[in-house]
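Worksheet: one structure, shown below.
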Protein chains: 2
Amino acid sequence: MFIKIEPQSDVPIYEQVTRQIIEGIARGDMQSGDTLPSVRNLAADLGVNMHTVNKSYHELEEKGIITIRAKSGAIIRSTEERILTPEQLQQIEKNLKPVVAEGMVLGATVEQIERMMKQVCADLQIPVEGV
Amino acid sequence: MFIKIEPQSDVPIYEQVTRQIIEGIARGDMQSGDTLPSVRNLAADLGVNMHTVNKSYHELEEKGIITIRAKSGAIIRSTEERILTPEQLQQIEKNLKPVVAEGMVLGATVEQIERMMKQVCADLQIPVEGV
DNA sequence: TATTTGTTATATAACCAACATAACAAATTA
DNA sequence: TAATTTGTTATGTTGGTTATATAACAAATA
């Protein structure tokens, strides 16, 4: 798989797994309907504990990104199933706020931050008009 | 002061303090050259421990936002002193990435996320062209 | 001089991250 | 059907972080 763990990061391992799976889906490495590797397989692959991966999968389920079928496997939900709720939109905005605020206080302009956002989108290979 | 602590948030108290001070500066509630309250005063004000606020101040210093003068006080650095280093820009982009990626996977469009970013800027009362 | 300041030190309690091991029961596969 | 694989649950341990409390120090300030 495409996941790389940085053991001495301040980001917890289970969070690293969660983020990189999300980025993998955004990038198109994985599609709706695809099955994630079993928690044991991925854990062995990454050299981490089974429960660490399991925690990540449940975080993904809580975010509404995958469906875990007990004793069967984890499946990436289709985009149709993933309807953006107002709560999710609010959550994204809540996550965005401290990042933007810090950037501004450090002296970044709105234009710079917008440029960075487009750069991130480009990294995720998401088509943006004008990129 | 303008800081409100949510004790049962999953965000640590010292992190809440850090973020709200950053937002306060971005919003213009505090300006460059202003002195932050002493760690003891702010701690008493918020009903938290001295060391919790102290940790927050040192986080702000590490981010390059304030200067702590030993046995004197903490001062908000001027925008001129705060020159955006490439490392800082990269850090902002690194912080931005998981938020944007999650939004996209949940079904948000680039336009929606850009709109949210402008909303955040508006909350921070930062003038953006066309707002 | 007395007060206020950040600093440093020590100690404690609670919680979280991560690991290890084991067993269970349902789903899948051979 | 039998063996394997699956997520689930349980228990325990280790290490680190968060947050508190208390105390003392030395420099800056009033």
Side-chain angles (χ1 to χ4, degrees), chain A residues 1 3-22 30 33-77 81 95 98, chain B residues 1 3-22 30 33-77 81 95 98:
Chain A
M1 224 188 174
I3 296 176
K4 288 274 181 299
I5 297 298
E6 295 181 23
Q8 44 192 356
S9 166
D10 58 333
V11 181
I13 295 176
Y14 79 91
E15 189 68 33
Q16 293 184 44
V17 174
T18 300
R19 290 185 187 180
Q20 290 186 44
I21 289 177
I22 290 176
M30 318 183 74
D34 283 358
T35 306
L36 292 182
S38 77
V39 291
R40 286 169 224 255
N41 273 358
L42 183 52
D45 200 19
L46 301 176
V48 302
N49 192 273
M50 189 198 83
H51 298 293
T52 306
V53 175
N54 198 41
K55 189 171 184 178
S56 167
Y57 280 18
H58 279 276
E59 202 187 7
L60 286 166
E61 189 180 40
E62 211 168 325
K63 287 179 187 289
I65 295 173
I66 67 172
T67 302
I68 301 175
R69 287 193 304 192
K71 284 134 199 175
S72 170
I75 301 175
I76 302 174
R77 297 181 71 180
E81 287 177 295
N95 295 339
Chain B
M1 223 187 175
I3 296 177
K4 287 275 181 299
I5 298 297
E6 295 181 23
Q8 44 192 355
S9 165
D10 58 334
V11 180
I13 296 176
Y14 79 92
E15 188 68 32
Q16 293 184 45
V17 174
T18 300
R19 290 185 187 180
Q20 290 186 45
I21 288 177
I22 290 176
M30 318 183 75
D34 283 359
T35 307
L36 291 183
S38 76
V39 291
R40 286 169 224 253
N41 274 356
L42 182 53
D45 201 16
L46 301 177
V48 301
N49 192 273
M50 191 197 83
H51 298 292
T52 306
V53 175
N54 198 43
K55 189 170 184 178
S56 167
Y57 280 19
H58 279 276
E59 201 187 8
L60 286 166
E61 190 180 39
E62 211 167 324
K63 286 180 188 289
I65 294 173
I66 67 172
T67 302
I68 300 176
R69 287 194 302 192
K71 284 135 202 177
S72 171
I75 301 175
I76 301 174
R77 297 181 71 180
E81 287 177 295
N95 295 339

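Naming: A, B, ... by sequence-line order, numbering from 1 per chain.
In terms of heavy-atom proximity, Gly33(B) sits nearest to Ile75(B) at O-CG2, 3.6 Å. The two residues Lys4(A) and Gln20(A) come nearest to each other via the heavy atoms O-NE2, 2.7 Å. In this structure, Arg77(B) and Gly64(B) approach most closely via the heavy-atom pair CD-O, 3.3 Å.
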Encoded 5' to 3' (Watson-Crick or G-U under 3.5 Å; [ ] crossing; | other strand), DNA chain D becomes ||||||||||||||||||||||||||||||
Begin from the C-alpha positions of Glu6(B) and Val11(B) and carry the test side-chain contact (heavy atoms from CB on, under 4.5 Å) through to its verdict. CA-CA 9 Å; Glu6(B) 295 181 23; Val11(B) 180; over 6 Å; no
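When rounded to the nearest whole Å, the span between CG of Asp10(B) and P of dA17(C) equals 10 Å. Between the CG atom of Asn41(B) and the C1' atom of dT5(C) there is a distance of 10 Å, given to the nearest Å. The OH atom of Tyr57(B) sits 7 Å away from the P atom of dG6(C) (whole-angstrom rounding). Note: CD (Glu61(A)) to C1' (dT8(D)) measures 12 Å, nearest angstrom.
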What string of B, S and - do you get for nucleotides 18-27 of chain C 5' to 3' if you count protein non-hydrogen atoms under 4.0 Å? SBBB---BBS
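When the side-chain nitrogen and oxygen atoms of Ser38(A) are compared with OP1 and OP2 of dT6(D), one or more of them lie within a distance under 4.0 Å. At dG6(C), none of the side-chain N or O atoms of Asn54(B) fall inside 4.0 Å of OP1 or OP2 (strictly under the cut-off). Remark: His58(A) is not in phosphate contact with dG7(D), judged by side-chain N or O atoms under 4.0 Å from OP1 or OP2.
Counting only residues at least two apart or in different chains, side chain to side chain donor-acceptor pair (under 3.5 Å) contacts with residues 47-69 of chain B comprise Glu102(A)-Lys63(B), Thr18(B)-Ser56(B), Thr18(B)-Glu59(B).
For the atom pair CG of Leu36(B) and CD1 of Ile68(B), the computed distance is 8.5 Å after rounding to the nearest 0.5 Å. Note that CD1 of Ile5(A) is 6.0 Å distant from CD1 of Ile13(A), once rounded to the nearest 0.5 Å.
Using a 4.5 Å cut-off on side-chain heavy atoms (C-beta onward), Val17(B) and Ile3(B) make contact.
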